[in-house]
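Each remark here refers to the structure printed beneath this line.
Each ligand, and each atom within it, is numbered from 1 in the order the structure gives. Quick caveat, the model's predicted, so the values are computed rather than measured.
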Amino acid sequence: MVCAPSAAVFAAPKKAYDLSPVQVADGLWMIEGSTEYFTSENGGAIVNCALIETGTGIVIVDTGPSRRYGEALLEVARGLNGRGVTAIVITHHHPDHFFGNQVFGATPIHALPETRALAASEGDGFADNMYRLLGDWMRGTEPVPPNADIASSLLEIGGRTFQTLPLSGHTGADLALLDQKTGTLIAGDLAFLNRAPTTPHADLDAWRAALSTLEGIDAAAILPGHGPLDRSGQSLTQTRAYLDWLEATLEDAALEGLDMVEIMASELPPEFAGMGAMPQEFHRSVAHLYPQIEREALPLGN
Ligand SMILES: [Zn+2]
């Protein structure tokens, strides 16, 4: 559908992302997203991206929420290295992590096979939701799934080698990457820091198992999917603590016979109340996790 823009739309300044790469390791930059929920003010720039220098150009890990964000990311990459972007890696199929792909159509875009399939099957539905949440920021954005399978435990690009860790739990397929040169662990959304984890596609037991795997890695730093760089491992412990609290809270509520509105009205513990995107993420988690937990808690025969 094409709508004639109003004079007010013409008068509005074009919204632009202001992406500031911060070097966090040798040849590795982080763009740190806001810890808020999606808003028309932040344009969906709530995600962390990594840019890594190799002998053939920059590798970008996760491309952000929109075409316009992807274009801004490309400009950042060109500023860091004259050879531009040599490859993309996508950690998982959530729209804030791969909707910038369309800018990099001719570039290898690596992901786990299941992530490619999920991006293809769910991309259009995500796009509808993102247009609704973000409006003009999304103009011209079309979901482009990754185009290359990650099928081995090492990914070598331009002389730089990454260990690939095919995990799951935040979604059905979550890739973590360990940069062998610097020991930086790019954890995707398996790790959040000071920002409430999102759970719409979560399997909590699988997520905890993935956290155990990541805890077993001697990383110099962890780049979480959302939140600041982590040099102490607290993104993993905090994410686990939140998931444990969330599940226990919902199980207790089911035993008490509370409904969703009553749970959402309850007071959050101080350690989680101050996280970014609270209480919205807690409310979203109640809405999609509680029905099943409630069913499992009900005695048979009732
Ligand atoms: Zn995610």
Could you walk me through whether Tyr17 and Trp137 pass ring-ring contact (aromatic ring centres under 6.0 Å, His included), step by step?
CA-CA 9 Å; Tyr17 294 101; Trp137 289 98; 4.6 Å; yes

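- Between Phe98 and His92, the ring center distance fails the sub-6.0 Å criterion.
- Salt-bridge annotation for Arg208 and Glu215: absent, with no side-chain N of the basic residue lying under 4.0 Å from a carboxylate O of the acidic one.
- When distances from the Zn ion (ligand 1) to the N, O or S atoms of His94 are compared, ND1 comes out shortest.
- Taking 4.5 Å as the limit, every side-chain heavy atom of Trp29 sits out of range of all side-chain heavy atoms of Val24.
- Put simply, His97 stays out of reach of the Zn ion (ligand 1), with no N, O or S atom under 2.8 Å from it.
- As for His170, its N/O/S atom nearest the Zn ion (ligand 1) is the one called NE2.
- Across Phe104 and Ile60, no two heavy atoms sit closer than the pair CZ-CD1, 3.9 Å.
- Shortest distance from the Zn ion (ligand 1) to Asp189 is reached at OD2 (N/O/S atoms only).
- Looking only at its N/O/S atoms, His92 has NE2 as the one nearest to the Zn ion (ligand 1).
- Not one N, O or S atom of His201 sits under 2.8 Å from the Zn ion (ligand 1).
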